[in-house]
Amino acid sequence: MAEISALIAAMEERADTLEELGYRIRFDMKDAGSILLDATDGDVEVSKDETGEAEADTVLILSSDNLEKLIKGKLNPMLAFSTGRLKVRGSQGVALKLAGLLEEAS
């Protein structure tokens with residue numbers, strides 16, 4: 001199980017790329033809690049979502065290990081979605097944009 005602090009740090013390292021996103025995405029991890037990625041104002045803020053209910057344009061549901069693999073480019077987002085390791089609630093377009101940015105950053 002990946003640590004939330006390590007996942008947040010990994011996302012912050014890719015802030016330059018992720019600032020193009022322009023949306024709020026919540027990552028709900030069954031085994032570790034939630035992280036909110038807010039890239040709405042040209043700035044990227046990544047934080048732990050204590051309640052797991054922060055308002056977001058899209059919610060991605062996956063394990064912390066799979067999120068770590070996505071961030072590091074070791075898991076293809078489309079493969080994760082098609083095999084059920086990643087579920088999307090909300091805008092799939094936003095999820096696809098994030099996938100493209102993560103692939104670009106790795």
**Q** Tell me whether I35 is reachable from V94 by hopping between hydrophobic residues (I, L, V, M, F, W, Y) whose side-chain heavy atoms are closer than 4.5 Å.
**A**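 V94 and I35: one cluster.
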**Q** Just verifying a value: how many Å separate E3 CD and E68 CD, rounded to the nearest 0.5 Å?
**A**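 Those atoms lie 10.0 Å apart.
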**Q** Do you know which two heavy atoms are closest between R85 and L62, and how far apart they sit?
**A**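 Looking at all heavy atoms of both residues, the closest pair is O-CB, 3.3 Å.
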**Q** Hey, any chance L98 and I8 share a hydrophobic cluster, counting ILVMFWY side chains that come within less than 4.5 Å of each other, even indirectly?
**A**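 Per the 4.5 Å side-chain linkage, L98 and I8 are co-clustered.
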**Q** Side chains of L36 and R24, heavy atoms from C-beta outward: is any pair under 4.5 Å?
**A**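 Side-chain contact under 4.5 Å: yes.
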**Q** Among D38, L101, L102, which residue satisfies the side-chain contact (heavy atoms from CB on, under 4.5 Å) criterion with L21?
**A**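 Per the side-chain contact (heavy atoms from CB on, under 4.5 Å) rule, the option paired with L21 is L101, out of D38, L101, L102.
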**Q** Report, as yes or no, whether the 6.0 Å neighbourhood of atom NZ on K30 holds more than 12 heavy atoms from other residues, nucleotides or ligands.
**A**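 Correct, the count exceeds 12.
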**Q** Check whether any side-chain heavy atom of L86 sits under 4.5 Å from a side-chain heavy atom of L75, and report yes or no.
**A**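 In short, these two side chains do not touch, never coming nearer than 4.5 Å.
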**Q** Hey, does L70 have a side-chain heavy atom less than 4.5 Å from the side chain of P77?
**A**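 In short, these two side chains touch, coming nearer than 4.5 Å.
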**Q** A quick test of your reading: do over 12 heavy atoms of other residues, nucleotides or ligands sit less than 6.0 Å from NZ of K48?
**A**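 For K48, atom NZ is not crowded (no more than 12 foreign heavy atoms under 6.0 Å).
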**Q** Are I61 and L7 connected into the same hydrophobic cluster when the rule is that any two of I, L, V, M, F, W, Y join if their side-chain heavy atoms are below 4.5 Å apart?
**A**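 No; I61 is not reachable from L7 via cluster members.
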**Q** Would a distance-only check, ignoring hydrogens and angles, find a side-chain to backbone donor-acceptor pair under 3.5 Å from D16 to L18?
**A**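 Looks like no, no N/O pair under 3.5 Å.
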**Q** Do the non-hydrogen side-chain atoms of L37 and F27 ever get within less than 4.5 Å of each other?
**A**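 The answer is yes; the side chains approach within 4.5 Å.
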**Q** Do S63 and D65 pass the side chain to side chain donor-acceptor pair (under 3.5 Å) test, and can you show the C-alpha distance, the side-chain angles, and the key distance before you say yes or no?
**A** CA-CA 5 Å; S63 71; D65 288 336; 5.4 Å; no
**Q** How many angstroms lie between NZ in K87 and CG in D28, if you round to the nearest 0.5 Å?
**A**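 The distance works out to 12.5 Å.
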**Q** Given 3.5 Å as the limit, does a donor-acceptor pair link the side chain of R26 with the main chain of A54, or not?
**A**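 It does hold such a pair.
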**Q** Under the side-chain contact (heavy atoms from CB on, under 4.5 Å) criterion, do I71 and R14 qualify, and how do the steps go?
**A** CA-CA 9 Å; I71 293 168; R14 288 156 180 76; 4.0 Å; yes
**Q** Can you tell me how far the CD atom of E19 sits from the CD atom of E45, to the nearest 0.5 Å?
**A**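 Reported to 0.5 Å precision, the distance equals 12.5 Å.
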**Q** Could you tell me which non-hydrogen atom of A39 sits nearest to which non-hydrogen atom of V44, and how far apart they are?
**A**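 Smallest heavy-atom distance, with atoms named: CB-CG2, 4.2 Å.
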**Q** Please tell me whether Y23 and V59 are part of a single hydrophobic cluster in this structure, the criterion being side-chain heavy atoms less than 4.5 Å apart.
**A**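 Different hydrophobic clusters.
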**Q** Measuring from atom CG of L60 to atom CE of M29, what distance do you get when rounded to the nearest 0.5 angstrom?
**A**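 The distance works out to 10.5 Å.
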**Q** Between D31 and S64, does any side-chain donor sit less than 3.5 Å from a side-chain acceptor?
**A**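 Judged by distance alone, the side chains do pair up.
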**Q** Main chain of E20, side chain of K97: is a donor-acceptor contact present, judged purely on distance under 3.5 Å?
**A**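 Answer holds: yes.
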